[in-house]
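One structure below.
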2 protein chains.
Amino acid sequence: MSVDKELLKGSTQTLVLTLLARKEMYGYQLIKELELLSGGLFELREGTLYPILHALEAERCVRSEWSSGDGARQRKYYSITKAGRAALKDKKVQWSEFRSAVDKVVFG
Amino acid sequence: MSVDKELLKGSTQTLVLTLLARKEMYGYQLIKELELLSGGLFELREGTLYPILHALEAERCVRSEWSSGDGARQRKYYSITKAGRAALKDKKVQWSEFRSAVDKVVFG
DNA sequence: TATCTAGGCATAGATATACGAGGTGTGGAG
DNA sequence: CTCCACACCTCGTATATCTATGCCTAGATA
């Protein structure tokens, strides 16, 4: 992670859900996509991402399915659920409020 | 804390240093001021703040001094150091980059 | 006077989250 | 054949915050 990793805490689920809201993806792809979209700032580790995906699945925010293309490399595709979209909406609001409050204090 | 407390991680030092850059303050005052400035969003606990102040002092980012006014309640005033101002400058940049990257991913 | 509330400092244990290291296996390029 | 990127996973550790608790003072209130 290029930025202080502590800054990331609390926003990773939001980031992951945001990507999955656009299209279903598999874990490795999420990492690469996130790195690309953030301009290289977020280099999420596998040891970070997979536990998050499993937690989101346990909370019924995402659903997973193994790809079954013959001969193709096995990938586990994750897609967002209705509950996931609702959670994402909340998280976006939380992020906005938080960001604005920090900006207000730090930059006046 | 009104917002997800995990979001706060990594930015509390920045918030504290920002306030101390404006004027020297004591712990309890920092909590109240931060709550006020953030519109009630940041309700930092004493158990959170004091360890942070001690850590910042150990890193020579702040300096502390007990108030010595006769009869007055004893307060420990913290003031930012030159090193603290340099650290704050870095942290502000980090915060800006992080905020922009999250926004880019989450809001497009 | 006695008690309650707010102010003021501090530490200890629990909890949450990310990382690093390690493990398994596939498939294509040199 | 070997190496590296792909692709999944778990576990121990580090870090940061919160909750709970403790101690003490000063002013308000019953």
Side-chain angles (χ1 to χ4, degrees), chain A residues 1-17 24-36 38 41-59 62 64-78 91 94 98 102, chain B residues 1-17 24-36 41-59 62 64-78 91 94-95 98 102:
Chain A
M1 202 62 47
S2 312
V3 290
D4 181 355
K5 57 194 171 191
E6 291 302 328
L7 280 175
L8 207 61
K9 294 193 178 179
S11 38
T12 43
Q13 286 204 353
T14 308
L15 293 170
V16 169
L17 283 176
E24 65 169 14
M25 297 173 77
Y26 55 94
Y28 201 86
Q29 185 183 10
L30 276 164
I31 292 175
K32 297 302 174 193
E33 200 100 2
L34 192 55
E35 187 180 349
L36 196 68
S38 70
L41 209 67
F42 300 146
E43 294 169 6
L44 217 56
R45 304 291 160 184
E46 294 172 278
T48 304
L49 179 65
Y50 290 115
I52 288 173
L53 286 173
H54 300 158
L56 286 173
E57 191 167 20
E59 296 164 22
V62 303
S64 69
E65 196 182 1
W66 284 97
S67 68
S68 49
D70 347 78
R73 189 189 297 257
Q74 284 294 296
R75 291 165 175 162
K76 197 190 247 183
Y77 278 87
Y78 288 88
K91 283 172 186 297
Q94 286 250 321
F98 173 73
V102 173
Chain B
M1 201 65 45
S2 313
V3 290
D4 181 354
K5 55 195 172 188
E6 293 301 327
L7 280 175
L8 206 61
K9 294 193 179 181
S11 38
T12 42
Q13 284 202 357
T14 308
L15 293 170
V16 168
L17 282 177
E24 66 169 13
M25 297 172 76
Y26 55 94
Y28 201 86
Q29 186 183 10
L30 276 164
I31 292 175
K32 296 303 173 190
E33 200 101 1
L34 192 55
E35 187 180 348
L36 196 69
L41 210 66
F42 300 146
E43 293 169 7
L44 216 57
R45 303 290 160 187
E46 295 171 277
T48 305
L49 178 64
Y50 290 115
I52 288 172
L53 286 173
H54 300 159
L56 286 173
E57 191 167 20
E59 295 164 21
V62 304
S64 69
E65 196 182 359
W66 284 97
S67 68
S68 48
D70 347 75
R73 189 188 298 256
Q74 284 294 296
R75 290 164 175 163
K76 197 190 246 184
Y77 277 87
Y78 288 87
K91 283 172 187 296
Q94 286 251 322
W95 163 252
F98 172 73
V102 173

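The sequence lines fix the lettering, A, B, ..., with proteins before strands; numbering per chain opens at 1. This one's a predicted model, so the numbers in the text were calculated from it and none came from an experiment.
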Legend entry - Phosphate contact (C:dA18 OP1 or OP2) by A:Thr12 side-chain N/O below 4.0 Å: yes

Legend entry - Donor/acceptor link under 3.5 angstrom from B:Arg45 side chain onto base of D:dC18: no

Legend entry - A:Gln13 CD - C:dT17 C1' separation (whole Å): 10 Å

Inset, instruction - Check whether any side-chain heavy atom of B:Val16 sits under 4.5 Å from a side-chain heavy atom of B:Tyr78, and report yes or no. - result: no

Inset, instruction - Grab the CD-P distance between B:Glu6 and D:dT19 for me, whole Å please. - result: 12 Å

Inset, instruction - Under the side chain to side chain contact (heavy atoms under 4.5 Å, CB included) rule, collect the residues that match up with B:Thr14, sequence neighbours excluded. - result: A:Val106, B:Thr18, B:Leu88, B:Lys91

Legend entry - For atom CG of A:Leu7 and atom P of C:dA18, their distance in whole Å: 12 Å

Legend entry - Interatomic distance where CG belongs to A:Leu56 and C1' belongs to C:dA18 [whole Å]: 15 Å

Inset, instruction - Report the distance from atom CD1 of A:Ile52 to atom C1' of D:dC8, rounded to the nearest whole Å. - result: 16 Å

I'd like a list of close polar pairs between nucleotides 10-12 of chain C and the protein, N/O only, cut-off under 3.5 Å.
| unit_1 | atom_1 | unit_2 | atom_2 | d |
| --- | --- | --- | --- | --- |
| C:dA10 | OP1 | B:Lys76 | NZ | 2.5 |
| C:dA10 | OP2 | B:His54 | NE2 | 3.2 |
| C:dT11 | OP2 | B:His54 | ND1 | 3.3 |

Inset, instruction - May I have the distance from A:Tyr26 (atom OH) to C:dT26 (atom P), rounded to whole angstrom? - result: 18 Å

Inset, instruction - Check if the side chain of A:Lys9 and the base of D:dT17 share a donor-acceptor pair of N or O atoms closer than 3.5 Å. - result: no

Legend entry - Any B:Lys9 side-chain heavy atom under 4.5 Å of A:Leu7 side chain: no

Inset, instruction - Indicate yes or no for a side-chain donor-acceptor contact from A:Gln13 to the backbone of A:Leu56 under 3.5 Å, with no hydrogens or angles considered. - result: no

Legend entry - Under-4.0 Å side-chain N/O to phosphate OP1/OP2 contact, A:Tyr28 with D:dC8: no

Legend entry - Separation of atom CZ in A:Phe98 from atom P in D:dT17, rounded to whole Å: 10 Å

Inset, instruction - Kindly write out the residues that satisfy side chain to side chain contact (heavy atoms under 4.5 Å, CB included) with A:Ser38, not counting sequence neighbours, or none if the list is empty. - result: A:Leu41, A:Phe42, B:Ala101, B:Val105

Inset, instruction - Send over the distance from B:Gln74 CD to D:dA26 C1', rounded to a whole Å. - result: 13 Å

Legend entry - All side-chain hydrogen bond (donor to acceptor under 3.5 Å, both in side chains) counterparts of A:Glu57, not counting sequence neighbours: A:Ser64

Inset, instruction - Could you tell me which residues satisfy side chain to side chain contact (heavy atoms under 4.5 Å, CB included) with B:Gln29, sequence neighbours excluded, listed by chain and number? - result: B:Lys23, B:Met25, B:Tyr26, B:Glu33, B:Tyr77

